[in-house]
Novice: 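First the structure, then my questions, so here it is.
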Amino acid sequence: MSKLRKLTFAVLFVTLIGLCGCKDLVPRDTASLLIPRLQRSEIFGLAAGFGTTFAALPDLLAMLKRRSSVGMNPRMAAITGVSQIVWVYYGLLIASRPVVAWNVIAVFINFISVGAYLHFLRREKIK
C-alpha cells in the first residue's frame, strides 16, 4: 500500500472517530491560560484572523511602492471589503471580538486599496 493511501486512510479514520461523537475528542472552550478574561476560542480566532486580515496588505504595499494601479483589481478589493462589513455585523450578532476586530481592520485595508487604485488611475489618465 502506498504512503499516500495509508495517509488517506489515517485521516479518514481520525475524522470518523471525531464525527462519531467521542466526547473526549471534543475541545472545550475554556478560559485561556495566557489571558483568563478571554476564551480559548477567542485566542485562536485572533491568531487565525491575523493571516486572513493582512492577506491583502502585500498588494496594497506593492501598489503604493510602484505608484501605479497596474495589476490591481479594484472590484475584488471592493467586494471583499463589502463582505467583511457583513462579517463585522455577524461578529456583533454572535458577540465575537476576534471576528469584529479583524474584519474592521480588513475593511480599512481593502477600502484603502480601492482608494489608492482610484487615485493612481486618475494620475495615470492625466499623464
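These numbers come from a predicted model, not from an experiment.
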Novice: What heavy-atom pair brings A116 and L60 nearest, and what distance separates the two atoms?
Specialist: CB-CD1, 4.3 Å
Novice: Going only through I, L, V, M, F, W and Y residues with side-chain contacts under 4.5 Å, is there a path from I105 to V100?
Specialist: no
Novice: Checking F120 against V70 for the side-chain contact (heavy atoms from CB on, under 4.5 Å) test, could you report, in this order, the C-alpha distance in whole Å, the side-chain angles of both residues, the deciding distance, and whether it holds?
Specialist: CA-CA 9 Å; F120 291 129; V70 175; over 6 Å; no
Novice: Between L57 and V114, is there a shared hydrophobic cluster once you connect ILVMFWY residues whose side-chain heavy atoms come closer than 4.5 Å?
Specialist: yes
Novice: Are L61 and L121 joined in one hydrophobic group, where the rule is that I, L, V, M, F, W and Y side chains link up if heavy atoms are under 4.5 Å apart?
Specialist: yes
Novice: Same cluster or not: are I109 and F50 linked, directly or through other Ile, Leu, Val, Met, Phe, Trp or Tyr residues, by side-chain heavy atoms under 4.5 angstrom apart?
Specialist: yes
Novice: Please say yes or no: joined through hydrophobic side-chain contacts below 4.5 Å, possibly via intermediate residues, are M72 and F54 part of one cluster?
Specialist: yes
Novice: If you round to the nearest 0.5 Å, how far is CD1 of I112 from NE2 of H119?
Specialist: 13.5 Å
Novice: With sequence neighbours excluded, give me every side-chain hydrogen bond (donor to acceptor under 3.5 Å, both in side chains) pair touching residues 51-72.
Specialist: S68-E124, S69-E124
Novice: Hey, could you give me the OG/CH2 distance between S83 and W87, rounded to the nearest 0.5 Å?
Specialist: 9.0 Å
Novice: So how far is it from Q84 CD to F108 CZ, rounded to the nearest 0.5 Å?
Specialist: 11.5 Å
Novice: Residues sharing V86's hydrophobic cluster, by side-chain heavy-atom contacts under 4.5 Å among ILVMFWY, directly or via others?
Specialist: none
Novice: Using every non-hydrogen atom in the two residues, find where A56 and N110 come nearest and quote the distance to one decimal.
Specialist: CB-OD1, 3.8 Å
